[in-house]
*Asks:* 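Here it is, the structure in full.
Just the heavy atoms: all of them, side chains too, but no hydrogens, waters or symmetry mates, feed the values below. In what follows, chains carry the letters A, B, and so on, assigned in the order in which the sequence lines appear, proteins first and then strands, with residues in each chain numbered from 1. Here the structure is a predicted model, which is why all the values come from computation and not from measurement.
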There are 2 protein chains.
Amino acid sequence: MVQHALLETAIDRFGRVGFEGASTRDIAHASGTAMSSITYHFGGKQGLYLAAADYIAAAMADRLTPALTMARTACEGTHEDATEALLQLLDNVAAVMMLPESATWSAFVVREQQNPTEAFDRLYAGVIQRVVDVFIALITRIRPDLPRREALATGLLLFGQALVLRVCRATVCRVLGTDTLDESTQTLLRARLRANALCILSETP
Amino acid sequence: MVQHALLETAIDRFGRVGFEGASTRDIAHASGTAMSSITYHFGGKQGLYLAAADYIAAAMADRLTPALTMARTACEGTHEDATEALLQLLDNVAAVMMLPESATWSAFVVREQQNPTEAFDRLYAGVIQRVVDVFIALITRIRPDLPRREALATGLLLFGQALVLRVCRATVCRVLGTDTLDESTQTLLRARLRANALCILSETP
DNA sequence: GTCTATACTACGATAGAC
DNA sequence: GTCTATCGTAGTATAGAC
């Protein structure tokens, strides 16, 4: 499938060097086809970029859908159910952040966060919003004492702890003295993230 | 000062569209000079890029030096001193993340985190390491019960909460329903960050 | 030190063969 | 559907005038 190969390569290149830095010639060549295939299948460089955003959103949503579904039912459950669901969801997000594939995804997404284009709307509608909504619903269930804006802020800050594992990967590795996040290091980070989140969620008002 | 203008423009362009996407012609023109000035002053595009990294490191270090100096002395102080110093330092980091200038800085730094080049070494030695070292020293003072790697992980995760305010700015704004982080929103976020950090640091072992 | 002029390469888009 | 060929533009680097 030429389209699939083009998308995979495009995400890598756009993530690595950005929209302006990536070249359609290079993307096509690395995908084993001619540059004009991009025009034919996606209408041009811009079309390929937007298709890449949709692809990333779908891939991330795929990895999080089971956790999101479980979390949504837990919103109606007990306080403990909701807490455990949020911890699980956050752990899932952290796991995605440590997937090798998410390196190119996150480079793409982070770029859009800083200079949002139409692609950001697609990413937001495709994954981000779904995760955010469940996050907020769970937090308001767990901490009904928090005003809405405080709950929103708490959700964002909780998410930041998972985010740093991907976005500051070079620093994380350097600080921990490893080249890559091996199994035991991942376990350590996820355990600390869980402990931190738990204590934030059970903070006495 | 032509060099200064070139650096300011370069950071903006490199941050916005990356090394490959930025054009020396454009940078020179926006700085009111000719492209060959870049060759003369920095030896070429690559030299300008490295100089931009040094410039960013120095600018960030500038903003954090007072807090870092105070924090270093607090490492020798009481448990409460150390806790307050860490909260202050983290608040300072969050404040930097909400500065308008840090938008271009962070775009540059985040890019280097994902695809480290020689510029990352300069950023790390220039700012990141200094902040990390003080973070870790304070945490080991506050939570001597934590094994070293747990303390390192805690420091990184704490930092992530400040990071998200800059790196996921588009999401932060969308979730909070604002276009920009106004004064009261910043206060809210910093207060929640402080509360979260305090409760992580005082977690009963 | 700062400019103009130029050499050379690579870019995205598109037309047309098959 | 996929290719090659080509057009116009823009990229970095460099040589040389002032």
*Asks:* Check A/Asp179 with A/Arg174, please: is the shortest side-chain N to carboxylate O separation under 4.0 Å?
*Replies:* no
*Asks:* Name every residue in residues 29-38 of chain B that has at least one heavy atom under 4.0 Å from any atom of DNA chain D, in order of residue number, or write none if there are no such residues.
*Replies:*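 Per residue number, the list reads B/Met35, B/Ser36.
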*Asks:* Mind checking ring-ring contact (aromatic ring centres under 6.0 Å, His included) for A/Tyr124 and listing every partner two or more places apart, or none if nothing turns up?
*Replies:* A/Phe120
*Asks:* Are side-chain heavy atoms of B/Leu189 and B/Leu176 found at a separation under 4.5 Å?
*Replies:* yes
*Asks:* What contact category does A/Ala28 fall into here, base, sugar-phosphate, or nothing, at under 4.0 angstrom with non-hydrogen atoms?
*Replies:*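 No contact.
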*Asks:* One pair to check against side-chain contact (heavy atoms from CB on, under 4.5 Å): B/Leu181 and B/Arg166. What are the steps and the verdict?
*Replies:* CA-CA 10 Å; B/Leu181 297 189; B/Arg166 167 53 70 198; over 6 Å; no
*Asks:* Could you tell me from which nucleotide to which nucleotide of DNA chain D, 5' to 3', there is an atom under 4.0 Å from chain A heavy atoms?
*Replies:*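 For DNA chain D, the relevant span reads D/dG1 to D/dT6.
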*Asks:* To the nearest angstrom, how far is B/Arg25 atom CZ from C/dA7 atom C1'?
*Replies:* 11 Å
*Asks:* Under the salt bridge (Lys or Arg N to Asp or Glu O under 4.0 Å) definition, can you give me all pairs with a residue in residues 25-52 of chain A, not counting sequence neighbours?
*Replies:*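 Residue pairs passing salt bridge (Lys or Arg N to Asp or Glu O under 4.0 Å), neighbours aside: A/Arg13-A/Asp26.
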*Asks:* Return the set of residues passing ring-ring contact (aromatic ring centres under 6.0 Å, His included) with B/Phe108 (not counting sequence neighbours), or none when no residue passes.
*Replies:*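 Checked B/Phe108 against ring-ring contact (aromatic ring centres under 6.0 Å, His included); matches are B/Tyr49.
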*Asks:* Quick check: do B/Glu118 and B/Glu112 have side-chain heavy atoms less than 4.5 Å from each other?
*Replies:* no
*Asks:* Please, which pairs that meet side chain to side chain donor-acceptor pair (under 3.5 Å) have at least one residue in residues 59-75 of chain B, sequence neighbours excluded?
*Replies:*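 Applying side chain to side chain donor-acceptor pair (under 3.5 Å) to every pair that reaches into residues 59-75 of chain B, excluding sequence neighbours, yields B/Arg63-B/Glu101.
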*Asks:* OP1 or OP2 of C/dT14 sitting under 4.0 Å from any side-chain N/O of A/Thr39?
*Replies:*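 No, no such contact exists.
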*Asks:* When the distance from CG of A/Asp26 to C1' of C/dG12 is rounded to whole Å, what number comes out?
*Replies:* 14 Å
*Asks:* For A/Phe19 and for B/His41, find the nucleotide of DNA chain C with the closest heavy atom, then tell me which residue's nucleotide is more 5'.
*Replies:*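 It is B/His41 whose nearest nucleotide is closer to the 5' end.
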